[in-house]
Amino acid sequence: MKFDIVIIGGGHAGAEAAWIASQFPLKVALISLPNLPLGSMPCNPSIGGVGKGQLVRELAVLGGLMPEIADRSAIQYRTLNESKGPAVHSTRVQADIYIYPQELERALLSRENITIIRSQVDHISKGGTSWKITLADNEIESTSLIITTGTFLAGLLHRGEVQSAGGRDQAMASRSLATLFSGLDIVGNRFKTGTPPRLDSRTLDFSKFVVQESDSLTSNFSLHHRAKERFVKQTPCYLTHTNERTLDIIRSSRERSPLFNGQIAGIGPRYCPSIEDKAFRYPDRNSHHVFIEPESLTGHTIYPNGLSTSLPIDIQDQFIRSIEGLESAKIVQYGYAVEYDVIDSSTLKKTLEHKDIPSIYFAGQVNGSSGYEEAAAQGFVAGVNAALKIVHDRELIFSRNDSYIGVLIDDLTLVRPDEPYRLFTARCESRLYCREDNSLTRISPYRASLELSTGHDRKLRELLLEQNLLDQVINSYKNNNYQVTILDKVRDPKLDPIAELQAFVNDSDLLIDERVIKSVALSTKYDGYIKKSNDAFERVQKLETKSLSWEELLQDNNISFECKQRIARFRPLTFGDLKRMEGIRKATLSIVAAKIC
Amino acid sequence: MLNNFCDTSPIISCSSGTRDNVALSLIRISGCIEPSFFTPYLSRLPSQPRTQVLTQLRDPFTGTLLDEIIFSYFLAPNSFTGENIFELAVHGNRLNVERIILLFTEHSSIREALPGEFTFRAHKNHKLTLTQIEGLDLFLNAQTPMALDAGFSTLHGDLFSKYKSLYDQFLNLKTSFELWFEFSEDAGEEESYAVFRSSLFKLHELTLELYKRTQLYSDALLRPAITLIGAPNSGKSTLFNILVGHDRSIVSPIKGTTRDYVTETLSIEGIPFVVQDTAGLREESDDQIERAGIERTYQLVDRSFFKILLINPADDSQLINSDSLTYDLVLSTHGDLSPQHSRADLHVTFLPTGPIGPNSGPIGPVEIDEKIRSLVLNKYKLISSGSPILLKRHRESIIQMHNASQQMIQLIDMSNDPLLFSEFLRQFNSSLSELMGEIDSNQVLDHLFTNFCIGK
């Protein structure tokens, strides 16, 4: 069988890649291990958050899959940064671990040009202009290949002294990349991540927890859903804390901790520490938050957020039961750590295509990122670029100046991450402009450039028309010296800009989507600051966007040998690329700046 | 200089100057050569770095004994430039120094250093920041003891450590901002806001302290000038001559005698001041040269350290508009006025104007001289005790940082809009980066994860 695009790995990156590729007239296949749900949530079943929420909103404008499925499976909504003003509100939902994969599979199956294949890949080889993928009992061919194997490459699980091969609990590992592509040296690093034990909700004392209800005012991710529409029943989450006894138990088990006795060599994320990390690295703290999160509406498993661990199971039992409300908790699945191979992401272009091996793309955790949202965003970038290359022979590159996707891709391809990469808003230079509310303004040009005309594209045009209309109407009140205009009200720091504009729209009998109102209100409010920041940015940007020839730099006698080695590896295309590369000397930057100015 | 970024060939120069014959001169060599290089040149070598030996310097090619010198060396990276440094203390005859330098440059890869190249290498090897280099420059070229102190303070002392704590505190602020903005769920909304708030106030305090030091007459202090201003024939030149002690200015009763301005150096307790006698300030003058002189006077006055206004009460035509200027001292001249006056009978009255307290009664020339000297010195001491920041580039950066931090302080009481904070943080960072280098997001995240227990 011959396909245009074959995706190996049915997680969030793979599903997103298949979804966008299938919007083009192409034959797409998605290969996933048997007996594993597609788009499953082996760790915390939540989507969104500060920074990550931006990615999901951007995917929503791009016509991605994650925003649709997240809304349909959300059992709890939260607005983060609620007290800090609407411009920095961040959306996060808890998804039902059973509904999410069901809805996702249903969506993918609804596409006639997607074939889902359940099999382990034995090996991959290049035959003429196409790729040959040898499966357990079959062989298929494809023009392009997208690798989205997550933590499954040479995966190794740790639970105390017990180690086993696998990409996650009760699932086999994929073959190593080295086996998949013999003779190709692309493994960059070995990372580690972990997950907490799961608890049986029927054994917890909920009366001892603080209750956190779902927020009925939080706006959905997808533009196709009404802002406050809810698809399934909402359920509360709860809060409890570790105490000195919990930490004493952990601290006295140092010798048996794979993280601290040298058993685990992989590098874990510092922003998502295990409970043993917290106990040993912050000896002064005697209590930490533990969020008690139901994983589904139908099952009885609880995700105790904050207790990621790879300690032996007898210690897990002990420390869990030292926590208030968990005194008689039954663990249904013990926590574990997983070590896995990641590729050197600096070998990838900004389309996520390999620099030296055309028509092969890498996306998701295999690139050294962490998180479902980061994976999905990369899946989109790889999928859309694989499709565009075949259909139009062109690329879609996201800029870090107007999108968090751009920040993510830039960072991954220019600075080889030394720990699993998570998107923080601190990584974005134009935080003032890259907000959740104005994703339509920022991202719709990218979608338009795909030249598709689906229902999604019609919806975007509709919203953009409403936005332009509202913009024009409120700006027509400019230059009025005699009374306070709507512009003045929206910009008044003492007033709520969204409420003011909403009232104005109601009075004017305009019919405008509330998300458009929010975006226009906040964009108007921050207009002046954004301009100022842009001016400063543009001065820097002038130099940043200057293109350069890395081949020429390699010939330059004034550039040191080490810098040349890095230039040869990262192959920067602009001065900005060069500047953000790891280990480039200031002197080299000065020489190059002098050359290209 | 750009072409020398990657040039690491050893360099030599005489660090103690070559203008005169002196007892001792210090020749320094910096670069990638080993101590054994000197074996053919010296009768003995020190057994370890940072030890001096008395040794004979010989031309190994002719065998001629050139000089008896003190030799020592410092190994990379523990040296001024961060490279190997060799120091030869030689007899300071100019020809001797030249001959020794030639000995090394003719027969080896050592070349003569370009001006500033030692410092440049120190910068390149991260031994000195740009800010410190400016301090070094100020230190080496200081004209006044104050500039000397300010230079050293920028190079290694108090000011540099102030800049460093400003940098550290800004990193703290950025970190606590991210903690509050992005991780408040993990760290607690109120706790993280409290951390953010207190680091903002700490930063503001530091910035304010530096800002105050930029507001102290700094321009006028590098080469402090005492300027005499007044209407034509108010006696400026006479006072000038009293102060500097000889007839440099032409003194005559004809108005407008001093057409341009004349300057002399006046040393008060070892501090060199410039005394400037200006063209008389007259509303109208037909003389083009005199008009140009008057214009220049206003510019001079503006930049002066100590401004003295002289008024001749007998001449009612000389009421000048002095609204735009503030004076340190106003003198009423011709206190004992007779039409035919001379320098010896310039009696003045100190008028109650300016920052100095009133002083009644006319006094004579000797007292005038003493009085003015002590007033100038007092002002100088008063200002220099506040350790003013003399470098213009630093003052500009500090003023911008102060503006940004002031905006944040105002904002924190009005609202807690993190987007506006982040805009002012960006402005602060961009000014700070000109002084102490950039703080990037990876540094902030590193600092964050090291100091706060983040993550669920």
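The sequence lines fix the lettering, A, B, ..., with proteins before strands; numbering per chain opens at 1.
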Margin query: Any side-chain to backbone donor/acceptor pair from B/E182 onto A/T425? Under 3.5 Å, distance only.
Written below: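 Between the backbone of A/T425 and the side chain of B/E182 there is a qualifying donor-acceptor contact (under 3.5 Å).
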Check: Got a donor-acceptor contact below 3.5 angstrom from the B/D417 side chain to the A/K84 backbone?
Finding: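 Flag not set: sc B/D417 to bb A/K84 has no pair under 3.5 Å.
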Item checked: Minimum side-chain heavy-atom gap B/D446-A/R270 below 4.5 Å ->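 Yes; the side chains approach each other to less than 4.5 Å.
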Check: Can you check whether A/Y526 reaches B/L420 side chain to side chain, under 4.5 Å on heavy atoms?
Finding: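 Counting from C-beta outward, A/Y526 and B/L420 do come under 4.5 Å.
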Notebook entry, point to check: salt bridge (Lys or Arg N to Asp or Glu O under 4.0 Å) with A/R285: which residues, sequence neighbours excluded?
Noted result: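 Per chain and number, A/R285 pairs via salt bridge (Lys or Arg N to Asp or Glu O under 4.0 Å) with no residue.
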Could you look at [X] and say if it's the side chain, the backbone, both or neither that has a heavy atom under 4.5 Å from chain B?
X	result
A/R78	side chain
A/Y282	side chain
A/S90	neither
A/L432	both
A/K525	side chain

Notebook entry, point to check: Hey, mind stepping through A/R92 and B/E185 against salt bridge (Lys or Arg N to Asp or Glu O under 4.0 Å) and telling me if it holds?
Noted result: CA-CA 12 Å; A/R92 192 182 63 204; B/E185 206 189 9; 2.8 Å; yes
Checklist line | Structural part of B/F424 lying under 4.5 Å from a heavy atom of chain A | finding: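 Just the side chain, heavy atoms under 4.5 Å.
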Got more than 12 heavy atoms from elsewhere within 6.0 Å of [atom1], [X]?
X	atom1	result
B/E205	CD	no
A/D527	CG	yes
A/Q565	CD	yes

Checklist line | Shortest non-hydrogen contact from A/N81 toward B/F181 | finding: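 Closest pair (atom of A/N81, atom of B/F181, distance): ND2-O, 2.8 Å.
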Check: Checking ring-ring contact (aromatic ring centres under 6.0 Å, His included) for the pair B/F183/A/F424: CA distance, chi angles, key distance, verdict?
Finding: CA-CA 10 Å; B/F183 302 96; A/F424 298 109; 5.4 Å; yes
Checklist line | From B/D186 atom CG to A/K278 atom NZ, the distance as rounded to the nearest 0.5 Å | finding: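 One finds 7.5 Å between CG of B/D186 and NZ of A/K278.
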Margin query: Angle between ring planes, B/F449 versus A/Y271, binned at 30° and 60°: parallel, tilted or perpendicular?
Written below: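 It falls in the tilted class, 30° to 60°.
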Next item on the list: Output the option from A/G51, A/S83, A/G85, A/P304 having the highest count of non-hydrogen pairs under 4.5 Å with chain B.
Entry: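 The residue among A/G51, A/S83, A/G85, A/P304 with the greatest pair count is A/S83.
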